Amino acid sequence: MKKIEAIVRPEVFQTLREKLVHLGINGLTVFEAAGCGNQKGKKGAFRGTSYELPLVSRIKVEMVTEEHRTDEIVDAIIEACATGEVGDGKIFISPIEDIIRIRSGERGRQAVL
Amino acid sequence: MKKIEAIVRPEVFQTLREKLVHLGINGLTVFEAAGCGNQKGKKGAFRGTSYELPLVSRIKVEMVTEEHRTDEIVDAIIEACATGEVGDGKIFISPIEDIIRIRSGERGRQAVL
Amino acid sequence: MKKIEAIVRPEVFQTLREKLVHLGINGLTVFEAAGCGNQKGKKGAFRGTSYELPLVSRIKVEMVTEEHRTDEIVDAIIEACATGEVGDGKIFISPIEDIIRIRSGERGRQAVL
Amino acid sequence: MKKKILSITALGSLVTTSAYAAPVTAESVQFSLDTMWVMIAAILVFFMHAGFAMVESGFTRAKNTLNILLKNILTISIGSVLYFLVGYGIMFGSSNGFFGTTGFALSGVEDVGFFLFQAVFAATCATIISGAVAERMKLSSYLILTVLMTGAIYPVVGHWVWGGGWISELGFVDFAGSTVVHLTGAVGAFVAVAFLGARIGKYEGKKVNAIPGHNIPIGALGVFILWFGWFGFNGGSSLAADPTLVPIVISTTLLSASGGVIASALYTKIRFKQIDPSITLNGALGGLVGITAGTANVSLIGAVVIGLVAGVILVEGIRFIDVVAKKDDPVGAIAVHGICGIWGTLAVGLFDTANGLFYGGGAALLGVQSIGVGAVILWTGLAVSAVVFILKSTGGIRVSREEEITGLDYAEHGSNAYELKESLVSSSSTGNSAMSGSLVERLDQLGKSAKKKKVYKESV
Amino acid sequence: MKKKILSITALGSLVTTSAYAAPVTAESVQFSLDTMWVMIAAILVFFMHAGFAMVESGFTRAKNTLNILLKNILTISIGSVLYFLVGYGIMFGSSNGFFGTTGFALSGVEDVGFFLFQAVFAATCATIISGAVAERMKLSSYLILTVLMTGAIYPVVGHWVWGGGWISELGFVDFAGSTVVHLTGAVGAFVAVAFLGARIGKYEGKKVNAIPGHNIPIGALGVFILWFGWFGFNGGSSLAADPTLVPIVISTTLLSASGGVIASALYTKIRFKQIDPSITLNGALGGLVGITAGTANVSLIGAVVIGLVAGVILVEGIRFIDVVAKKDDPVGAIAVHGICGIWGTLAVGLFDTANGLFYGGGAALLGVQSIGVGAVILWTGLAVSAVVFILKSTGGIRVSREEEITGLDYAEHGSNAYELKESLVSSSSTGNSAMSGSLVERLDQLGKSAKKKKVYKESV
Amino acid sequence: MKKKILSITALGSLVTTSAYAAPVTAESVQFSLDTMWVMIAAILVFFMHAGFAMVESGFTRAKNTLNILLKNILTISIGSVLYFLVGYGIMFGSSNGFFGTTGFALSGVEDVGFFLFQAVFAATCATIISGAVAERMKLSSYLILTVLMTGAIYPVVGHWVWGGGWISELGFVDFAGSTVVHLTGAVGAFVAVAFLGARIGKYEGKKVNAIPGHNIPIGALGVFILWFGWFGFNGGSSLAADPTLVPIVISTTLLSASGGVIASALYTKIRFKQIDPSITLNGALGGLVGITAGTANVSLIGAVVIGLVAGVILVEGIRFIDVVAKKDDPVGAIAVHGICGIWGTLAVGLFDTANGLFYGGGAALLGVQSIGVGAVILWTGLAVSAVVFILKSTGGIRVSREEEITGLDYAEHGSNAYELKESLVSSSSTGNSAMSGSLVERLDQLGKSAKKKKVYKESV
Ligand SMILES: Nc1ncnc2c1ncn2[C@@H]1O[C@H](COP(=O)(O)OP(=O)(O)O)[C@@H](O)[C@H]1O
Ligand SMILES: Nc1ncnc2c1ncn2[C@@H]1O[C@H](COP(=O)(O)OP(=O)(O)O)[C@@H](O)[C@H]1O
Ligand SMILES: Nc1ncnc2c1ncn2[C@@H]1O[C@H](COP(=O)(O)OP(=O)(O)O)[C@@H](O)[C@H]1O
């Protein structure tokens, strides 16, 4: 099993979710995040004093899935989230050794069906 | 070392925390999250227009622990968090290669005692 | 590639970010978190009734990086975040199997440069 | 308030004889001035409803905010209409000894200004209950209770004390309503809470848990608005622009509220080692309720003392209701309006500069005041018990456990008081929507429960 | 309001003849009292601007809050100055048949109190637009429109109805301005919205999305403040401290607003299966706008009925504007002030106790009321269309797509209405700062978009 | 205000001679009317404390909100009682040349209404300080300073200018208190801030960091409430319901505030390339402070100009205090009340329609105004310095670094102004609780620090 973590712009999340639903991927967990990278932060101003906002807002989507599905999911993410502008985000793939469905105690593949 | 990630209903978190304390597990980190899966979202209404809330609120609990303790922790999570209703959540187990305690620089097993 | 997860006190995050910038590490993603461990929680009071706040606030910083850079990053984190008081936090290191830059579809090392 | 009513209804005949076009005399101008003052006071009292709405929503949880706001705005609305149709007649109509029986829908009533002032009072009494029953009472049951409070239960009390009824005949002094308005509301609140039970999670075995409010700044604003409106509540009860009386009433009101704040702050510091901001804010209200009965009858020093005592009583009263009586009153309404209301009414027996015990007037007035308090508690307690008992037996007065945990806003109205995250929600499977199931708000909606492995169904 | 103007300007000569030092007579005291009442009423009307600011910011999204607050405070400020310099003269100066031409900067005007009361009205009319165009109209364009509304468009309407102009000559009744103030503002709002278009994400093909407000408690507070201020709005329009009139005006105002709340609550319950809190709050405003024209001319029962009808009309009106007409009005201003304004004006033709259809007065008044409504819609519609058309052709009236998605607060002012997280921001590369790019607030700033793979540049 | 005091105390004898039962004459009615107007104005001024509370909590950080609310409600409470016991006597008692020495606890004072109006003024002066010292001053030290401000320091100033003291004898004009109230408060604020030092993180070497407020909508509401109350502040200072004066006072107040808003908006646009919403809101207050001295003595056009100038001065004043003087004043109180207070006082010397420089009255009045300003700065500066110096030497006036970083709400009161997440907290090791250590709120509590590897102990 693999864990796919996608760090994306907040505004594309709904599009991504719908695309994944079409692929038959229902299970996912999301987190609010903030990040920096090649894309730089912004500036704000308050009472004439300016300040930096070095991070930009991001959403992290985590999906645990069977190995053979990772490629199509990655493609779906790129399709839904790539704009071509710096700051589109990253996908990280890492190994998951076991999965348990809390409700039933099922393990492994069964747990994410 | 293993990382145990449990995605659970917010309302069971306190019960879980107390159960883990009884097992002698003190260290953990939690995150607010939102998820979807077999459990479907809800509907809201505002000024007569209804809208979907496709995600439900979740808490993610992360614990890094020695391999031999994973099973009892998993059991504890199931005991504390399973209700039998769809949406109880998942546990993911993944490998951790090293741990460092920032305060002391200790590494490995020492770092999580 | 490795994922470095550092769980740190919120108040040291800016110092850490600047230190990492000096090392040439620009890319990172951060999350709000709450944790417990050796450090205990606090007490609050409302209308004469006291209550416990068992968790303390934390920031999790995630960086995916090439293996050979992990040590200097770990050192930088310790330098920026260690105060010597209980509760400084942990660093977890885990394997990452692949990375994709969403914007370009680049994979692996290329994706985090 | 009684005495003045007579003088105004005496003058009331001026309305017909000296209409606006009639020759302007000093008397007619004084009458105009009296009327305008009462109108201004009534407008200030109206604004107290904004204060109640803010106090009650600020001191409860975010997930029940829309519901409490709705209860407040419906209370003043239903209260006004009901009092117009029925309540005023019961309160000030010609008496059958127990209540009034004429003047429904103001038929035959000339003094519309007096009605107006009384109408906003009636709604105030009813809204006191909304805070105490917050976060768990069904909206429908609450509204039925409001109808009966403003249409019947409160007007009967009012008739006895201000409408020329038997309590007033004893010489009972309640200038602006420590008993008539506040104690009546608080008794209703107490009974309703007793039937309702505590919010989930408030009491666990011997443990008393704190359930802090979600937005204290708007709660504090509510306190300031109430204080502001109270100058109309007490000041207008003179029913005349009397330059020898009104400044004293306003001053005793200011000083007693100030005393309440100071005493609550100091006493929580002593009692709990730190000043409790939320109770200190309540302290102002305790001082205000405390002075309401005697505002025109005590000295300025007396007012300060009444306020100081109210501030201390309030702290102990809140603890008593919360910890000993185990009545879960989220905003402290029973202590503020009930316990301080009793204190204020009895305090007249002590501090009345004419007849008070401390001014050599003996204990007679104190006795009368006690009788009045007892009678109001008895009547209101029985009447509200009957209403709530019937409601409870037929359909229930409390939302379901699931709805309470989810929060009344989402459960009863499908909506939230604060913004959700835009990016996490879609209003259709094909479109991006402008709404969202915020991580944060969701937590509030769900709350905790599940000790016994029972989790409510989330599909609504 | 017209008739009274005459009487006050008649008395106005007293100002010079009976200065404060002059002998005090019953007439002079009545004049003082009248003046003070109008001043108090004007102060209450002023406070309605706080109500508008709270309603409009509470019912829109957090990312546009500073901008809407700014629009509100600038509206009353610019409105006051402009009305002083120009507007008052156009409205009450000696007429050229179409508008007034004297009294600019109050030259030659003695009755400063009357000016003041009118000035706060003028700003009210203008601020109605700010809610409807919220979250997307350029601040600069909005301000130009405000200048023209308070300086010219509204004063012309006012001249026709209250300044002795042709509509008033027909016998048109609009005591406190259902048409003059509210309908005029709402027509301006409608036209501006029509030119502006909907907010991004509001309409997608056939779908109508909900964009809930971010802070309903302050929205509710705003409603209470408006209601509070409205007692001055209607009560002060008597322009005299008349004890036979003012209590009735205050009472009809209270009862109609109450009726609006009750009806909106019940009707949303029937229509949508649950009570909609946000529409119910609007219901109060619907009832208030509804009674404004006839507040002095209808009975108390009439007021209740007018309010109840307004509450139902409002619900359907909001749906009509939102779903059928597809005009995106975030706070429901067009339905509240426009549709209920028309209802209120026509209702006088039905409920006027002297000449109303239901009181045997025939349909004549109803006809006159209709003509007045039509004339105001025509004039305001044309005038605002011209202004907005020119603004749109020269530079545009709408912020860019990127700015709208980011939120006007950050895009136009570089700042946020609520606190960001301290720990995530640095104000310099070397120092820790006190500000932060909150995870949470950022989500609000960014929103969603990007359906078509187009994402705006984030660097500002 | 001075002149009028005489006339009212002259009339004051009416209170005893023409009690309510006495024959009603035009004079007695006018006296009633005057009294009621002053009462209404006092109630409005009272409400300004709600405005201060909202402005100060909105413009500071969430973690210090309870503390600032508490400071505000304690200020009006302590202020009222202290002014009753001591302050009034010092201000209006019979003079020893320097201050009054009779009338303590109002003994021998008949005009309770006048006391009341003055009492709410006194508390206003004191509360100005609370905003400037927010987020770091110990509650106990602040309260001691409040006691001395309302009990002694301010009454002395008041005695000099309004109590018949030496400054008034020079012909100094300060109708409603630009100097007496606002400048006095601001000088106190300046001195306190100078002794206190800046908040942690405000100044780093040469860098000036921004520390934005956490809830601008309630800050904006506070501004509207202050403006609303100010009509009572200025209008009531006439001390009589004078129809030739009050409308002018209300109008100049409205127009100057409007001018302040407009000028601050435009000037920040020019100066910082975008309109700063927070400073623009302050602009209203700048215009209000500016007109307070001359509100009865300048023309309407003069008022607009005074406001416009105040709006510009304010922007530069805030920058000057913040960047050049490096005095950390979170809400801009020193610029608003101090710098604009000086401007307003001097502006009378320029715009007074009788004696002003611009009206051909020469520079004499300007000179007198300058002397008054200088004297008040000197006295208040020295007196407050002495108090704060002693407090600082004995126990300190500032919370610890750890408490400041944690936030005063949690550190001094163990509580928070906003809701924490329910699910993350337990109130006992065995039970689920209703409270929580929110991820979000915690961040606010902890803030940042630790540059030098020093982290405070979190256990409290
Ligand atoms: N090395 C990294 N480790 C973890 N997260 C990263 C890393 N690099 C980038 N990110 C995340 O991805 C987001 C986008 O990266 P960025 O470099 O700005 O753009 P792009 O991926 O288009 O080159 C960042 O905001 C950050 O949240
Ligand atoms: N494949 C997945 N990857 C990541 N998170 C998942 C996955 N499937 C489910 N989840 C998380 O677990 C939660 C519960 O899952 P769900 O399928 O609804 O119920 P159950 O586990 O009882 O079958 C979801 O809300 C989501 O947060
Ligand atoms: N086993 C663990 N798994 C995950 N997170 C942990 C674990 N132990 C500690 N943490 C996180 O690290 C933080 C600091 O740990 P703590 O034990 O209190 O101090 P220290 O690391 O200085 O001994 C905790 O608040 C928690 O967020």
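Because the structure is a prediction, the values reported are computed rather than measured. Per chain, numbering begins at 1; letters A, B, ... match sequence-line order.
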Tell me whether B:E67 at atom CD has more than 12 heavy atoms from other residues, nucleotides or ligands lying less than 6.0 Å away.
no

Point-to-point distance, once rounded to the nearest 0.5 Å, from [atom1] of [X] to [atom2] of [Y]:
| X | Y | atom1 | atom2 | answer |
| --- | --- | --- | --- | --- |
| C:R58 | B:T29 | CZ | OG1 | 8.5 Å |
| B:R103 | C:K90 | CZ | NZ | 7.0 Å |
| B:N26 | C:C36 | CG | SG | 7.0 Å |
| C:D71 | B:I100 | CG | CD1 | 8.0 Å |

Quick one, B:I102 and C:V8 - any side-chain contact, counting heavy atoms below 4.5 Å?
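Side-chain contact under 4.5 Å: yes.
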
Is the closest side-chain heavy-atom distance between B:F13 and C:L55 below 4.5 Å?
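Touching, per the 4.5 Å side-chain cut-off.
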
Mind listing the closest non-hydrogen atom pair of B:F31 and C:E32 along with its distance?
CD2-O, 3.5 Å

If I measure from the heavy atoms of chain B, does C:D75 come under 4.5 Å with its side chain, its backbone, both, or neither?
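Contact with chain B involves no heavy atom of C:D75 at all.
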
Charged N to carboxylate O under 4.0 angstrom, B:E97 versus C:K2?
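The answer is yes: the pair qualifies as a salt bridge.
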
Out of C:G87, C:A6, C:G84, return the one with the most heavy atom pairs under 4.5 angstrom to chain B.
C:G84

Can you list everything that forms a side-chain contact (heavy atoms from CB on, under 4.5 Å) with B:S94? Sequence neighbours excluded, please.
A:I96, B:K3, B:E5

Distance-only donor-acceptor hits, side chain of residues 105-113 of chain C, under 3.5 Å, sequence neighbours excluded:
unit_1: C:E106; atom_1: OE1; unit_2: C:R101; atom_2: NE; d: 2.9
unit_1: C:E106; atom_1: OE1; unit_2: C:S104; atom_2: OG; d: 2.4
unit_1: C:R107; atom_1: NH1; unit_2: C:D98; atom_2: OD2; d: 2.6
unit_1: C:R109; atom_1: NE; unit_2: C:E66; atom_2: OE1; d: 2.5

